[in-house]
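In what follows, a single structure is set out as structure tokens and then discussed.
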Amino acid sequence: MDDRQRLDRATAHLEPPFAVLDMDALRSNAAAMVRRARGKPIRVASKSIRCRPVLERVLAVDGFSGVMAFTLPEALWLVSTGLRDVLVAYPTADRTALRALGSDEAAAREITVTVDSPEHLDLIESLRTPHPIRVCLDIDAGFVAFGGRFRAGALRSPVREPEQAAAVAADVAGRPGLRLAGLMAYEAQIAGVGDDVPGPYGRAVRWMQQRSRRELAVRRGRIVRAVRQVADLEFVNGGGTGSIEKTIAERAITEVAAGSGFFHPRLFDFYRGFTGRPAALFALPVVRRPAPGVVTVLGGGYPASGAAGPTRLPQPYLPEGLRYHPDEGAGEVQTPLLGEAATGLRLGDRVWFRHAKAGELCERFPVLHLVEGDRVAEEVPTYRGEGMTFL
Ligand SMILES: Cc1ncc(COP(=O)(O)O)c(C=O)c1O
């Protein structure tokens, strides 16, 4: 039985649209991530999962420890349900949530928020909460070349050099309402950019990544040494799914963050260092056949975030050989699909898709059907299904 037959059989009782998680693929992806981390713990990026029961399951696997959340309200919610050690990896200006954090002993113990400037520290300190708030200093891990004319990597923190990092760390140390718990430097230009791409673009990516790795290993080491003069750090976090084995090779790094690797969405097919199995899929029903060689499925317009373009669209996955109409792409309520495989599809048949990114899929579906072999073993709510939309 091939994957399409297996998934069709497992979900024969469901009416599409729906989303599934192939648990065997998920387990094999998780095991591969742990192998790549060679003993250093992986902090699980919740944005790339957005389903609490799945988050709990992967955290139970040896090698994964702690959560990297994307908003403070999310972190407060996760801790209220029993999860521990939650790093909110993106700064917050949510005074209400910060007040809640600093007023709740358990939350203040388990949650760390991200800062990168005295402005963040002032905002947190102004709330004068009963419990001190744990903070993590975010460092710019981007790559800069040609005298600053070229830059790769996410625009995050203004803190880039050891002296700047030490200055913010000293500033934190001087404020009784705050505790410096960790450092984070996310090299998006390595972790999130596939290097297995043909042609000159691929060569340029590999050149950039090699130079960036060398530069960052030295700078990150210096930053950590400089900050450790001022504060005891519990953790130094870096990396993402695409860079696990590279990031952990740096001595200064105590843990790596990763999330997308569990679901292995489309954008993660283009890395030389690892492969994965598509674990998160969604099925859309064929609802009409406008012309020979064309079928139309219901819905489908679930583009991923980021700079808009074809790479952000879901991939028509099974049956193989379907493609979008160039004028229509993935539609708001219906999506025509072209290709030879369309000829074999009838009304009500499913087309299986992969999302370009990982967790955003869960903003579209209230549940994930967990597939074990050729049956659905369980149905679990996504964040959306629990009525929790944080962004
Ligand atoms: C701070 C940070 N760390 C790590 C990651 C990597 O997450 P993933 O493994 O899901 O790509 C991201 C993703 O954007 C991130 O923002």
Side-chain angles (χ1 to χ4, degrees), residues 26 29-30 32-34 36-37 40-51 54-55 58-59 63-72 74-75 85-92 112-116 135-142 152-157 159 182-195 209 216 220 235-248 250 253-271 273-274 276 278-280 304-307 311-312 354-363 383 390-391:
L26 182 89
N29 293 341
M33 289 158 82
V34 172
R36 290 170 64 207
K40 284 197 184 170
I42 301 176
R43 186 180 287 277
V44 178
S46 67
K47 76 179 179 69
S48 302
I49 294 185
R50 303 194 204 196
C51 171
V54 173
L55 204 49
V58 298
L59 283 166
F64 296 98
S65 178
V67 177
M68 176 177 274
F70 53 100
T71 74
L72 182 52
E74 178 208 8
D85 183 11
V86 182
L87 165 64
V88 183
Y90 314 87
T92 181
T112 306
V113 297
T114 288
V115 296
D116 65 29
V135 299
C136 167
L137 176 56
D138 194 3
I139 305 291
D140 174 24
L155 276 173
R156 295 172 61 105
S157 173
V159 178
L183 275 191
M184 173 179 56
Y186 171 52
E187 59 271 46
Q189 72 280 10
I190 303 173
V193 178
D195 58 348
Q209 291 185 338
L216 188 57
R220 198 149 41 187
F235 64 86
V236 178
N237 181 286
T241 292
S243 74
I244 295 174
E245 67 283 358
K246 295 168 182 149
T247 305
I248 59 99
E250 285 179 35
I253 289 286
T254 64
E255 60 172 45
V256 65
S260 302
F262 294 107
F263 288 4
H264 195 77
R266 174 66 176 155
L267 282 171
F268 285 82
D269 283 348
F270 307 100
Y271 288 80
F274 67 98
S305 57
T311 61
R312 302 281 141 174
R354 295 168 70 198
H355 203 274
K357 289 178 109 173
E360 289 176 30
L361 168 77
C362 290
E363 302 292 348
Y383 277 16
F390 298 105
L391 288 177

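Sequence positions, counted from 1, serve as the residue numbers for this chain. Start at 1 and go down the list; that is how both ligands and their atoms are numbered.
- Nearest non-hydrogen protein atom to atom 7 (O) of ligand 1 is Ala45 CB, 4.0 Å.
- Using a 4.0 Å cut-off between heavy atoms, Ser260 contacts ligand 1 through both its backbone and its side chain.
- Proximity to Ala258 (heavy-atom distance under 4.0 Å) selects the following atoms of ligand 1: 9 (O).
- Results of the side-chain hydrogen bond (donor to acceptor under 3.5 Å, both in side chains) test with Tyr383 over Lys47, Glu74, Glu363, Arg50 single out Glu74 as the only residue that passes.
- Thr254 and Lys40 share no side-chain donor-acceptor pair at under 3.5 Å.
- For Arg354 and Phe263, the positive end is not near the middle of the six-membered ring at less than 6.0 Å and at most 45° from its axis.
- Listed by atom number, the atoms of ligand 1 under 4.0 Å from Tyr90 heavy atoms are 1 (C), 2 (C), 12 (C), 15 (C), 16 (O).
- No heavy atom of Phe70 sits closer than 4.0 Å to any atom of ligand 1.
- The residue among Leu87, Thr241, Asp138 with a heavy atom at the shortest distance from atom 9 (O) of ligand 1 is Thr241.
- Atoms of ligand 1 found under 4.0 Å from any heavy atom of Phe268, numbered from 1 in the order shown, are 11 (O).
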- Query: How far apart are the C-alpha atoms of Tyr186 and Tyr90, what are their side-chain angles, what is the distance that settles it, and do they pass the ring pair (Phe, Tyr, Trp, His ring centres under 6.0 Å) test?
  - Reply: CA-CA 11 Å; Tyr186 171 52; Tyr90 314 87; 8.4 Å; no
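- Note: no N/O pair closer than 3.5 Å links Asn237 and ligand 1 by distance alone.
- Those atoms of ligand 1 with a heavy atom of Arg156 less than 4.0 angstrom away are 1 (C), 16 (O).
- Here is the list of ligand 1 atoms found below 4.0 Å of a heavy atom in Lys47: 12 (C), 13 (C), 14 (O).
- Of all the atoms in ligand 1, the ones that sit under 4.0 Å from a non-hydrogen atom of Gly259 are 8 (P), 9 (O), 10 (O).
- Judged purely by distance below 3.5 Å, without hydrogens or angles, the side chains of Glu255 and Ser65 never pair a donor atom with an acceptor atom.
- Smallest separation of non-hydrogen atoms from Arg220 and Gly238: NH1-CA, 3.9 Å.
- Under the 4.0 angstrom criterion for non-hydrogen atoms, Gly239 is in contact with ligand 1.
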